[in-house]
Structures are given as structure tokens and as C-alpha cells.
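Letters go in sequence order (proteins before strands), and every chain restarts at 1. This structure is a prediction, so every number in the text was calculated from the model and none was measured.
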Amino acid sequence: MKQVPKNALYYWLAITLLVTASLITIYLRNGQAGLDLFIQQWPLSNLAITLAATTLTWLLLGVLFYMLVNDKITASNALLMAGFFLVMFVYLNILRERLRYGDYHYYLDAATALANGQPLPDTYLYLPLWATILQYIVPLGDQGVLVTLWTVNIIALGTFYFLLVQILERYNFSHHFAVLTTILFLLVNAPLQRTLGFVQVNLMVLDLVFLSILTYPKNTLLSALTLALAVHLKTSPAVLVLAFLLEFNWRWMFWFAVSFLVITAIPVLTDGISPYLDYLTNIRILTEIPDTNFHDTSFDSFLRFLNPFFGIQIAQTRLMALSAKVLLLGAALFTMMKNIQAQSFSKENRMLNAIPPLFIVMTLASPIVWDHHGMFTTLAFLLMLKRIETPNAWLLFIFAYILEFVLPSFDFFPWSYGRLIAPMIVLGLMWFTSKNESSSFFTKANRWQAESLSRL
Amino acid sequence: LPSTSRNGQAGLDLFIQQWPLSNLAITLAATILTWLLLGVLFYMLVNDKITASNALLMAGFFLVMFVYLNILRERLRYGDYHYYLGLIEPIAILCLLTVLFFALERKTANMRLAAILTVLFRWDYLGIVLAALILTHSPISGRMKTAWKQLFEWANQNIKAIIFHILLVILFPILIIAGYFFFTPNYMLNASDVEQSSLSSMLEGFMRVMIGGSFRDLREIFIQGSFSFLAIVLPLFAGLIISFLAIFYRQGIFSKIDLRLALLVPSILPAYIAVRPAAYFPRFSFPILALDILLIGMFLHQLKNKLDATSNWKIE
């Protein structure tokens, strides 16, 4: 029986060597023209992405054969690995079909500006670390940078899969229930598709945040370092630091401060202090945007479009948006305190109870909330599976989940602002269910998955 | 209409935005379909249509639908559909075959609905759609006099139904065409280059429809050694001959071929008295190809029966 995957692996190796050898021979003999003769660019396809997707699929196939031959796939991890390969193959195929990718231009423009000693452009809204790193791959050109970031995102997706399973297990999901939840969550997920289609850094940020949560408190240095990196990539995860501060773990706080300062120093050493000043300028400009995009589901965007109908001026609109965010923060903090008191998400530590509502503040408090930012509410939504008991609560949860993750991204005022309401519904559910023990659904699902799948 | 609406297209444009790297029409279609599917899901849940026995099936269905609606919403450009633009034939022929099916099943309401749709898609299928009504009669066979007598008796008995069928099928296209003439400035029903100009162009048009092209076209197709000649031109030609013999020479084998089917083949022609079928091979012949193949099948069947009856030689 084992001979079959062994043969498959040998064939895979032989074909891989053959393809590599033929590519090298063609290139050495005829250069780029030779390759152009054998590799075609097809309409409605991006050749670089097509080749990257094909290569990664082929490599993953090799990994699968290798694991089968070396008994790395066992009864205990079969579902986990099946889900991983399923998710990866699905997204590699989806992304291969995408003709144009967005947003990476903003990173490339910023990296190019730094490489040329120019100020960061006002379209770059993050701390300078990412642009500082990317300036070293600017010579690869537009397509080279795209393929690099695209590949990094694919790796981040694979990492996210395993980290999400582990983090759900940390919150007492049974292994199989955590895997099934993760697979279904990743397969039908509009914000994830937007994240990958716009080559956003969300998955990397979430991977770092999840690593930070998973390594706490065993490895405080790694936990602090990964969260500091996440803050340098996207700024908004800074809100999550509060959950760790509530632990009063001085060691963690020390490492976080040190890590943050060391990472801050990297752009200063390579490009000086000016990128940070540019960042502050860009953030100030961001709060003064006059127009509205209907899939920017921030309070600012919603009120900026709505208020002119009531004759409300832009200055008051900004004040109203700020008030809404203060109210949201207040509600989130109260919910957080109730969760901590009732230990309703986990009996393990304060941080695990405090962090779910903070993900909602992290997402909605930003002056711009694009549809792909919905990924940041992942944990807030999925952890509610533990808590929801009554049919009405289920109805609200399903409605919110659909608005956030199932409905495609669209721009129709006010209906496309479902992604503004959905996280608030979940925050409300967190509040009202904060005293709940694990729901009967959660208990049954955990038991059923364990029993039925162990029988298989 | 802009004069009666509140804000017209400008109002919609204010509330619905087109975003870069998105196709607005596809975005809205994907969103609407997702929303409708959610309605279907809720309906099924409320009415206990999802049970333990079909839960996995339905979960899989909704999962696949939601996955692909999201994937396709993200696609910026679509290919190949450009090739189909202006070519409604595949759908029109499907509708036409549906008309014939419902006529044979004597489901007249369904037949008329399909007939209206067919004519809306392709005005030139009007003749065959009207003639399809004879399929509601039982098969007509026999020699010349017997067969035609049966047909005329049926027509005489069903004259009101026939007139109703004709009026109903013609009414909708006429209303729509009139609407276009009324509301669309400079509307043109047919381009000037497809108007019939002479008797010879009309005969050439008939030939193009009935066997796929003019003599020159057919010679070219034959010289090219194209598979199309064997698969399309020959069946069209053979079907036409059998059809004409079954209509005008009902002797021997041909007296046993169903007159209704034989009449359907040339019934496509009336539209081409006014319109010249000017397009590539064999666009205008496809609607009758299926009928021709059926006639060839009938002919071969009768031929086999005759050979079986008159000699010891049997076709296995």
C-alpha cells in the first residue's frame, strides 16, 4: 500500500527535475526568447501569478507525497492536513484566475520613495517598517514585487490556517471541531478574498497576533516581539496591547517595550526619522478625508455621506464619528471587564478573555475600515460559537456573520454598511452572553466531532 | 422613464458606487444572488425542508454557491462571452425544441409560453413555431390524399385554436417592436444589408437555410474536406429531400413518414422571403438540423421495415 505514494513521490521528483533541467537548458541555450517560445501568456491571465500559483501547487503536491511516504499524516492529524491542502489548493486556483491585483502599488510606491530618499507618499498609512523592508526588493520591478508579496501572502494563509486551529483549541474547541470551523471559515470568506486580492498585510498581522497569543505566557519574549511586529505592520493591533497589560506581567511589558523600540530603530537606522514624521502627516490627512467610499465601513465614512442630507457640517461630522468611537470603546471595555470577571471565554488567563472585544475596537476605531479588515474580527466571531444559546441570539449571530463574511463586497449606501453593524452585533452578543457557560451547541459539537471522527 | 422617476440614473449613481478592480454589474448580481440564496436557506429552515437525511447535501450546496459567488464577484474581467454576443441561437434553438416537445406532449399552455420566448429571441423562427401546433395532432401517415385530408380536417376542427395560437405568438414581438419604434429614435428592425433584393437572392437565402449555403459555399466546404460537410450539409440535404418527398410524393416508404414532421422543415422559410440570411455557415440551418436528422431516422427505419418484409435479408 505504501508503495503507491512512494512511486508517486519518485515520479513527482523525476518530473520536477525534468522541468527544472529543461528550463535551465532552454534559458542557457536561447535566453528569454527560448522561454517565451515554450511558455505562453494567455489573455485574462497574469503570467507571473499563473507560474507562481502552478509552482506552489506542484510543490504542495510534493509535500503531500512526502508526508504520505514518511507517515507524517496519521489518524490524529488527517483532517487537519486534508483541510490545509484543500484550503491551499482552492485559494491557489482562485488567485491564479485573478487578472489584476490592487493595493500592493501603495507599498511599492512607499518602498521606492524610501529607496530614492524621498518622503513617504500620502497613500502609505502604516508605520515605516514594511516600506523599509520592501525597499530592498524594489529592483524586482512591479511584477517581481507583486509575486513576492503574493507568495508571502500564500505562506501567511497556510500559517493562518494552523494558527487559527491552535488558537481555537486554546479556547477549548476540540481538535476536530476547531479544524472544521477553520476550514469552513476560510472557504466562504469575502474579507479573506479581498485581503488576498489586494495583497494586503492582514494575514501577516493576524499571524503575528495569533502567535503572540499562543506563545503567552510560556515565551514572553516571542509573544511581546510578535505583537510589536504586528503593531509596526498595521498600527491598529496596538489596541490589543491592553489585554496583555491587564495580566500585569512586567516581564512581558519589558520585552514589548524593548522589542517595539528596537523595531522602531530599524527604519531610523536605514532611512532616518523622517519616515515617522511622514507617517504622522499621512495619519492626520487620513482623518480629514472629505468623500465617502461605500465599502469603507467606518463610522467616519457612514456619517460623511449621511450628514450632508441633514445639513450637518464636516467638523460636526468628525466630532460625531469620534463620539461613536468613544462609545464603542466604552462598550468594548465594559464587555471586556464582564468577560474577565465571568471568565466566559477561558478559565486560563485575563488576556484570553479580554482580547475578543478588543479585536472589534481594533477594527472599527480606525478612520478607514475596508472590507478586508473584517479578517481582524475572526476571533471575536468564531469564539461566539462557545457562548450562543438562545434561538434569538443564534439568529442575530448568523445575520452578523453573513453580513461580515458571506455577503460579497459591494458599494450601495446604506446596505453595504453591514460590515459596520455586524461587529457591533457580536459585541452586543458578547455583552449579553458574558455570564453564559459553554453553550449546549458547543458542548455537543465538541463531543459529536470527537466521537464521529474518531469512529472514522 | 426620467420624466416620471425621482432621480433617475443619477440618483442610483449617488447611492451605488463603482470601485476599481470590480465589475459593478457582476458585483451587484453576486450580492443579489447571495441574498436570495439566504432567503431560500431561511425558507427551507422555517418549513422543515432541511432534514437529517438531506442536511449534508444542502450544506454542501450552500457552501459551494457562497464560495463561487464570492470568487466570481472578485473577478474583474470575463472572457469568451464576447463571442456569443449577438448569437442568441443556442438559447433560441433550445426554446424552439421546447416548443416542439410541449406540442408533442399536448401541453398547449407551456408550448405557447415557449413559443412566445422563441419568437422574442429569433423572429425568423416564427414560421416553425406556428407550424409546431400541428404536432398536437396524432401522427399523420398514409398516401397523399389520406394524409392531407387528415391534416385539413384537423385544421378545420381547430381553426379557432390555430388563430389564437398565431395571434398570441405574434402579439408580443409586435408590441415590443412597436415599443422600440416608439421610444428609440432611428430604431431599425433589420439592417439594410439583410433585406431581400431579388428573386435570386431569395432563392439563395432559402438554399443557405435549407442546406447550409450557396453552391459556391458548399463547394468551398467540400474542397476544404471539412467534417462540417459530412456532419451538417449532408444531413441537411438528405433531410430536405425526404421532407419534400414526404410532403409532395407520398408513395411507398414516404407514405409512412409523419407528414407533421415533414412540414416543419420548410416552415422555417417564410421569414426569409423578407430577410436575407447573411451570416456564416451554418448559423441559419441549425434550427432544422434536428428535424432533418429525425426524418433521416424515420426514413431508415421504414426502409429497414420494408427490406425485412420483402426479403429474407435483415439488417441487424
Side-chain angles (χ1 to χ4, degrees), chain A residues 42-46 87 90-91 93-95 97-103 105 180 183-184 186-199 291-296 301 305 308-309 370-372 391 394-395 398-399 401-403 405-416 418, chain B residues 6-7 9-46 50 52 55-56 58-83:
Chain A
W42 201 242
L44 302 191
S45 288
N46 178 318
V87 168
V90 164
Y91 276 98
N93 271 286
I94 291 172
L95 295 175
E97 293 299 323
R98 194 172 172 103
L99 173 62
R100 285 181 60 194
Y101 285 81
D103 286 11
H105 301 104
L180 279 178
I183 294 170
L184 290 174
L186 290 179
L187 285 182
V188 185
N189 197 316
L192 175 61
Q193 290 214 19
R194 303 289 287 179
T195 295
L196 294 169
F198 284 77
V199 205
D291 56 351
T292 293
N293 298 306
F294 297 154
H295 67 279
D296 162 13
S301 160
F305 184 78
F309 289 98
W370 296 125
D371 31 25
H372 53 75
W394 268 110
L395 190 68
I398 291 170
F399 180 62
Y401 188 89
I402 285 164
L403 290 180
F405 294 108
V406 180
L407 265 189
S409 168
F410 64 103
D411 303 79
F412 180 12
F413 189 90
W415 312 108
S416 48
Chain B
R6 190 177 163 93
N7 299 95
Q9 188 60 42
L12 287 177
D13 290 345
L14 185 68
F15 287 94
I16 299 175
Q17 289 177 340
Q18 159 85 53
W19 201 241
L21 303 191
S22 288
N23 178 319
L24 182 61
I26 295 292
T27 300
L28 296 178
T31 310
I32 290 166
L33 283 176
T34 306
W35 190 252
L36 292 177
L37 268 176
L38 285 174
V40 173
L41 176 61
F42 290 144
Y43 171 84
M44 293 182 84
L45 286 171
V46 168
I50 296 178
L56 191 64
M58 297 317 297
F61 168 73
F62 284 104
L63 177 73
V64 170
M65 295 306 285
F66 289 140
V67 166
Y68 277 95
L69 281 167
N70 270 288
I71 292 172
L72 295 176
R73 178 263 173 262
E74 293 299 324
R75 194 172 172 98
L76 171 62
R77 285 179 60 195
Y78 284 80
D80 285 13
Y81 72 94
H82 299 102
Y83 304 139

Next on the checklist: Run the ring-ring contact (aromatic ring centres under 6.0 Å, His included) test against F294(A) and tell me which residues pass, sequence neighbours left out.
Outcome noted: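 Counting only residues at least two positions away or on another chain, F294(A) forms a ring-ring contact (aromatic ring centres under 6.0 Å, His included) with F305(A), F413(A).
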Using only distance (under 3.5 Å, no hydrogens or angles), which donor-acceptor pairs connect chain A and chain B?
residue, atom, partner, partner atom, Å
F15(B), O, F413(A), N, 2.8
Q17(B), N, D411(A), O, 2.9
Q17(B), OE1, F294(A), N, 2.8
Q17(B), NE2, T292(A), O, 2.8
W19(B), NE1, H295(A), NE2, 2.8
N70(B), ND2, V406(A), O, 2.8
R73(B), NE, S409(A), O, 2.5
R73(B), NH2, S409(A), O, 3.0
E74(B), O, R98(A), NH1, 3.2
E74(B), OE1, R194(A), NH1, 3.0
E74(B), OE2, R194(A), NH1, 3.3
R75(B), NH1, E97(A), O, 2.9
R75(B), NH1, E97(A), OE1, 3.4

Item to check | Contact class of L76(B) relative to chain A, heavy atoms under 4.5 angstrom | outcome: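 Looking at L76(B), just its side chain touches chain A.
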Checklist entry - Contact part of L14(B) toward chain A, heavy-atom cut-off under 4.5 Å: side chain, backbone, both or neither? => result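 Contact with chain A: backbone and side chain both.
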Item to check | Heavy-atom contact with chain B under 4.5 Å, split by part of I402(A) | outcome: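 Contact with chain B involves the side chain of I402(A) alone.
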Checklist entry - Which bit of L407(A) is near chain B, if near means a heavy-atom gap under 4.5 Å: side chain, backbone, both or neither? => result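 For L407(A), heavy atoms of backbone and side chain both lie under 4.5 Å from chain B.
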Checklist entry - Considering residues, nucleotides and ligands other than L56(B), do more than 12 of their heavy atoms fall under 6.0 Å from its CG? => result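 Atom CG in L56(B) is not packed in, count stays at 12 or less.
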Checklist entry - Should we count CZ of F399(A) as having more than 12 external heavy atoms under 6.0 Å? => result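 12 or below, so no.
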Next on the checklist: Could you measure the distance from the CG atom of L24(B) to the CZ atom of F410(A)? Nearest 0.5 Å is fine.
Outcome noted: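 Nearest 0.5 Å value for the CG-CZ distance: 11.5 Å.
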